[in-house]
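No experiment lies behind these values; they were computed from the predicted model shown. Whatever order the structure lists ligands and atoms in, that order sets their numbers, starting from 1.
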Amino acid sequence: MKTALYPGTFDPITNGHLDILERALGLFDKVIVTVANNSSKSPLFSGDERVALIQEIIDERQYANATVVRFDGLLVNFARKNSACALIRGLRAISDFEFEFQMALMNRNQAPEIATVFLMPHERYTYLNSSIVRELARLNGDYKEFIPASVYKKMTTLFPTTL
Ligand code: COA
């Protein structure tokens with residue numbers, strides 16, 4: 001039984017994240033989407049709201065081997081607690097590399113038995129991130145194609161759209 005964690009802030013989860021999750025589900029027996037509080041960011045949605053949005057997608061799409069949880073603390077400790085052998089990260093562009101490289105090496109320093117697995121999303125998602133989605137929402141842009149319908153519905157409760 002191979003378990004992987006897919007950690008991130010997911011504020012909100014995008015179609016790019018889901019592309020990575022689906023690839024990971026094809027490789028591991030179980031994937032735990034791990035929603036971090038991330039003290040360096042001030043999220044738009046609370047941890048519980050982000051978890052609820054992801055749970056709704058897991059149910060809708062019937063991802064049988066995916067679960068979602070919130071976590072605080074050190075990622076590798078959480079991975080060990082859940083007997084995970086891998087951490088999944090998406091690599092979209094070279095600009096992701098430096099930060100990901102540092103994080104992967106530090107996680108390996110702390111827990112040599114846990115591997116970081118990098119997956120590349122479809123090219124159509126290489127320029128996507130959650131901040132851009134939040135900005136488009138705030139400024140009445142068109143961002144429907146970048147996030148699942150349930151997330152779009154939630155975003156429009158905060159930022160009513162005239163489109
Ligand atoms: N599609 C679209 N966007 C993507 C993406 C994809 N496939 N993959 C990443 N992104 C975006 C995210 O939306 C996010 O955008 P934003 O900055 O505009 O919000 C950005 O890329 C990176 O976010 P994410 O992948 O969610 O990671 P993160 O940097 O927010 O999270 C943690 C990093 C939570 C995994 C890391 O801080 C952590 O492990 N924290 C726990 C504490 C710990 O163990 N620290 C030691 C680390 S060595």
Side-chain angles (χ1 to χ4, degrees), residues 3-28 31-51 53-54 57-58 61 63 66-82 84-139 141 143-148 150-152 154-155 158-159:
T3 300
L5 298 189
Y6 180 27
T9 310
F10 303 111
D11 187 41
I13 191 158
T14 67
N15 290 336
H17 290 123
L18 290 171
D19 178 291
I20 297 290
L21 175 61
E22 285 178 12
R23 290 173 201 277
L25 287 171
L27 295 172
F28 291 90
V31 178
I32 306 174
V33 182
T34 311
V35 178
N37 258 340
N38 208 337
S39 51
S40 61
K41 295 184 177 180
S42 321
L44 177 64
F45 293 112
S46 70
D48 288 343
E49 285 175 312
R50 284 176 275 143
V51 167
L53 282 170
I54 296 169
I57 295 161
I58 290 174
R61 301 193 181 189
Y63 293 146
T67 56
V68 56
V69 289
R70 226 181 114 172
F71 99 109
D72 293 300
L74 198 66
L75 188 63
V76 291
N77 287 347
F78 190 75
R80 280 183 172 139
K81 214 170 118 194
N82 287 279
C85 62
L87 307 172
I88 304 293
R89 295 292 291 169
L91 268 189
R92 291 158 300 166
I94 306 248
S95 52
D96 283 342
F97 186 74
E98 209 171 323
F99 173 64
E100 294 298 335
F101 188 66
Q102 182 190 27
M103 205 160 59
L105 290 180
M106 187 50 82
N107 282 329
R108 192 165 69 188
N109 169 276
Q110 299 291 303
E113 77 283 12
I114 299 173
T116 298
V117 175
F118 292 107
L119 296 173
M120 276 184 286
H122 191 282
E123 307 85 86
R124 78 172 77 99
Y125 301 128
T126 48
Y127 58 93
L128 180 58
N129 65 23
S130 300
S131 315
I132 288 184
V133 166
R134 294 195 303 273
E135 182 160 282
L136 287 170
R138 220 175 8 245
L139 302 175
Y143 59 98
K144 207 174 187 168
E145 69 185 277
F146 302 123
I147 53 177
S150 48
V151 177
Y152 185 73
K154 178 88 176 173
M155 295 287 292
L158 295 182
F159 305 105

Practice prompt. Just jot down the ring-ring contact (aromatic ring centres under 6.0 Å, His included) partners of F101, sequence neighbours excluded, or say none.
Written response: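 For F101, the residues satisfying ring-ring contact (aromatic ring centres under 6.0 Å, His included) (neighbours in sequence not counted) are F97.
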Worksheet item: At what distance, to the nearest 0.5 angstrom, does CG of L44 lie from CD of E49?
Response: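 With rounding to 0.5 Å, CG (L44) is 8.0 Å from CD (E49).
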Worksheet item: What pairs with N77 under side-chain hydrogen bond (donor to acceptor under 3.5 Å, both in side chains), at least two apart in sequence or on another chain?
Response: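 For N77, no residue satisfies side-chain hydrogen bond (donor to acceptor under 3.5 Å, both in side chains) once neighbours in sequence are set aside.
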Worksheet item: Which residues pass the side-chain hydrogen bond (donor to acceptor under 3.5 Å, both in side chains) test with R138, sequence neighbours left out?
Response: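 R138: no side-chain hydrogen bond (donor to acceptor under 3.5 Å, both in side chains) contacts found.
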Practice prompt. Enumerate the protein residues lying less than 4.0 Å from ligand 1, judged by heavy-atom distances, in chain and residue-number order.
Written response: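 Ligand 1 is contacted, at a heavy-atom distance under 4.0 Å, by P7, G8, T9, F10, T14, G16, H17, I20, A36, N38, K41, F71, G73, L74, L75, R89, R92, F99, M103, M106, N107, L128, N129, S130, S131, R134.
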Worksheet item: Heavy atoms, side chains only, cut-off 4.5 Å: are P12 and M155 in contact?
Response: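 Yes; the side chains approach each other to less than 4.5 Å.
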Item to complete: Determine whether F10 and L53 make a side-chain contact, defined as any pair of heavy atoms from C-beta on separated by less than 4.5 Å.
Response: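 Side-chain contact under 4.5 Å: no.
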